[in-house]
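Read the structure below first, then the notes.
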Protein chains: 2
Amino acid sequence: MTTHDNDAFRPIATVDLAIFSLSPTGLSVLLVRRANAPFSGEWALPGGWIHVDEDANLEAAARRVLKEKTGVETPYLEQLQTTGSRTRDPRGWSISIVYIALLSADDIAERQDAMAGEAEWRLIEGEGVGLSLAFDHASLLKEALGRIRSKVEYSSLPGHLLPARFTLSELQSVYEHLLGRKLDKSAFRKRVAEADFLKPIEGEMRRASNRPAQVFRLKDTRTLALFDRTI
Amino acid sequence: MTTHDNDAFRPIATVDLAIFSLSPTGLSVLLVRRANAPFSGEWALPGGWIHVDEDANLEAAARRVLKEKTGVETPYLEQLQTTGSRTRDPRGWSISIVYIALLSADDIAERQDAMAGEAEWRLIEGEGVGLSLAFDHASLLKEALGRIRSKVEYSSLPGHLLPARFTLSELQSVYEHLLGRKLDKSAFRKRVAEADFLKPIEGEMRRASNRPAQVFRLKDTRTLALFDRTI
DNA sequence: CCAATAGTGTCTATTAGACACTATACA
DNA sequence: TGTATAGTGTCTAATAGACACTATTGG
């Protein structure tokens with residue numbers, strides 16, 4: 001234990017989350033208004049210090065922050081990237097480990113009340129939210145959106161934004177919304193069947209004034225299924 | 001500035017590198033023997049503290065470590081992932097930001113002398129090096145190998161391990177080596193042409209007792225080109 | 001019966017994979 | 001002329017994309 005083991009030589013480290021959900025109008029991200037300096041009063045991605053006495057590891061820290069802000073415990077969660085530099089935080093050399101979380105529509109409905117006070121869902125427009133964000137969070141959000149849009153092409157990601165039970169048509173329409181283009185129904189269903197990430201709920205049908213639709217759920221709500229080819 | 005701003009609450013943070021090159025017998029990774037506790041005397045991935053007075057950002061820290069260990073300045077470098085937990089380092093809660101670096105065969109030849117004393121290239125066998133490594137470095141190495149093997153399928157990654165000038169046959173044989181299977185020459189060349197990441201060197205041919213082969217170089221040594229489909 | 005959406009089938013233009021062929025050097 | 005590897009062409013089986021068709025409900 002030779003060197004760099006005192007405060008001045010240690011960067012500060014936080015975990016920040018890009019938490020996404022589907023609002024009625026489209027993909028949205030959860031933002032919080034900062035209470036303290038720096039950037040007091042500005043919007044930011046939810047985040048917090050690593051609690052060395054409380055968090056067993058990085059993912060646990062991310063889950064703790066998520067629970068504090070939304071009340072949700074077991075969503076889809078993946079590490080995006082880590083940024084760190086001398087200048088991104090005026091308090092000094094700082095590191096942010098960024099996670100992406102996807103909340104199902106059920107999570108939002110149930111936990112609207114449990115949401116921390118100064119938090120708000122903001123609709124995604126283009127590469128961000130049309131607001132300036134604290135720190136380098138606008139750039140982090142842009143990276144998160146890039147990752148999400150890329151994964152829509154070849155994974156079950158959109159399924160994690162729907163309520164627990166949904167029809168194939170509902171799933172297809174989320175894909176189309178996130179991709180910004182229409183998909184062929186037949187081809188879509190072939191890919192979904194191949195990737196094999198859905199389980200039909202026996203006997204449960206969505207009824208309307210047309211042929212009833214089979215209702216499905218994800219086989220695994222915590223991992224993504226990948227397609228062999230693009231959707 | 002309210003809380004968690006003293007040493008006891010701050011995790012320690014290092015940058016660690018999985019540095020790969022092609023040795024005559026195959027893909028190899030650079031390991032160093034640790035001089036100090038913890039894990040003194042054991043093999044580990046090269047790494048080091050972030051120098052808050054010297055490194056502008058995380059990537060700069062990674063490049064500094066790389067230069068210290070190998071003398072190489074501008075290889076392909078990408079962030080892999082960040083691990084952090086209470087238990088991975090006996091000194092306390094610690095974070096490691098892991099980078100992958102690919103060195104061209106030229107880099108190795110030139111800098112063999114400049115390499116730090118207790119560093120050694122170890123051949124990859126299966127999911128690691130057949131050695132126990134310090135900290136969680138065996139697991140980090142396994143992740144790095146997964147990323148590399150995955151990217152061989154759909155990117156120009158193998159080109160970054162060759163010397164600056166190479167023929168298409170040499171490139172194909174690196175793909176085959178990393179994938180562990182033979183590729184069709186015609187299909188391989190179609191993909192490479194589509195991805196458009198090579199520049200023929202005008203008039204430069206590799207001569208032997210057969211038809212001479214066109215020599216190529218990468219258009220960009222610091223970024224990967226991606227294929228539309230798998231190789 | 002009509003309207004509306006669910007779900008499946010069919011046809012064709014495109015492409016991937018296997019394989020063969022031609023080209024060009026040195027010995 | 002023989003041998004070895006470079007580089008290109010061809011054929012076919014598999015596939016994707018467009019589109020059409022059938023199925024099943026409520027009104």
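Computed from heavy atoms alone, side chains included, the values below leave out hydrogens, waters and symmetry copies. In the text below, chain A, chain B and the rest are named by the order of the sequence lines, each starting its count at 1.
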**Message:** Distance check needed: C/dA23 P versus B/L168 CG, whole Å only.
**Reply:** 19 Å

**Asked** Is there a side-chain contact between A/I95 and A/T14, using heavy atoms and a 4.5 Å cut-off?
**Response** no

**Asked** Under 4.0 Å between a Lys/Arg side-chain N and an Asp/Glu carboxylate O for B/D106 and B/R165?
**Response** no

**Request:** For A/R207, answer base if it contacts any base atom (sugar-phosphate contacts may also be present), sugar-phosphate if it contacts only those atoms, and nothing otherwise; contact means non-hydrogen atoms under 4.0 Å.
**Result:** sugar-phosphate

**Item:** Protein-nucleotide distance (B/F166, atom CZ; D/dA6, atom C1'), rounded to Å
**Value:** 16 Å

**Message:** One thing to verify: whether B/R34 and B/E118 come together as a salt bridge, which I'm taking to mean a side-chain N less than 4.0 angstrom from a carboxylate O.
**Reply:** no

**Message:** Assess, by modelled atom type and distance only, whether the side chains of B/R88 and B/S94 contain a donor and an acceptor separated by less than 3.5 Å.
**Reply:** yes

**Request:** Keeping to residues at least two apart or across chains, list the ring pair (Phe, Tyr, Trp, His ring centres under 6.0 Å) pairs with something in residues 168-211 of chain B.
**Result:** B/Y175-B/F188

**Request:** List in chain and number order the residues that pass ring-ring contact (aromatic ring centres under 6.0 Å, His included) with B/Y76, two or more places apart in sequence or in another chain; answer none if no residue qualifies.
**Result:** B/H160

**Prompt:** Of the nucleotides D/dA6, D/dT25, D/dG26, which has the atom closest to the A/S209 side chain?
**Reply:** D/dG26

**Interatomic distance, B/Q214 CD vs C/dA25 P [rounded to whole Å]** = 13 Å

**Asked** A/E170 has an atom CD; how far is it from atom P of C/dA6, in whole Å?
**Response** 8 Å

**Message:** Rounded to whole Å, how long is the line connecting atom CZ of B/R206 with atom C1' of D/dT5?
**Reply:** 13 Å

**Request:** Would you please confirm or rule out a distance under 4.0 Å between OP1 or OP2 of C/dA6 and any side-chain N or O of A/S169?
**Result:** yes

Collect all protein-nucleotide pairs involving nucleotides 11-22 of chain D in which both atoms are nitrogen or oxygen and the distance is under 3.5 Å.
none

**B/F188 CZ to D/dG7 P, straight-line distance once rounded to whole Å** = 12 Å

**Complete:** Rounded to whole Å, CG of A/N210 lies from C1' of D/dT25 at a distance of 6 Å

**Request:** For B/T223 and B/D220, test the side chains for any donor-to-acceptor distance below 3.5 angstrom and give the result as yes or no.
**Result:** yes

**Request:** For A/Q172 and C/dT5, give me the distance from atom CD to atom P, rounded to whole Å.
**Result:** 13 Å

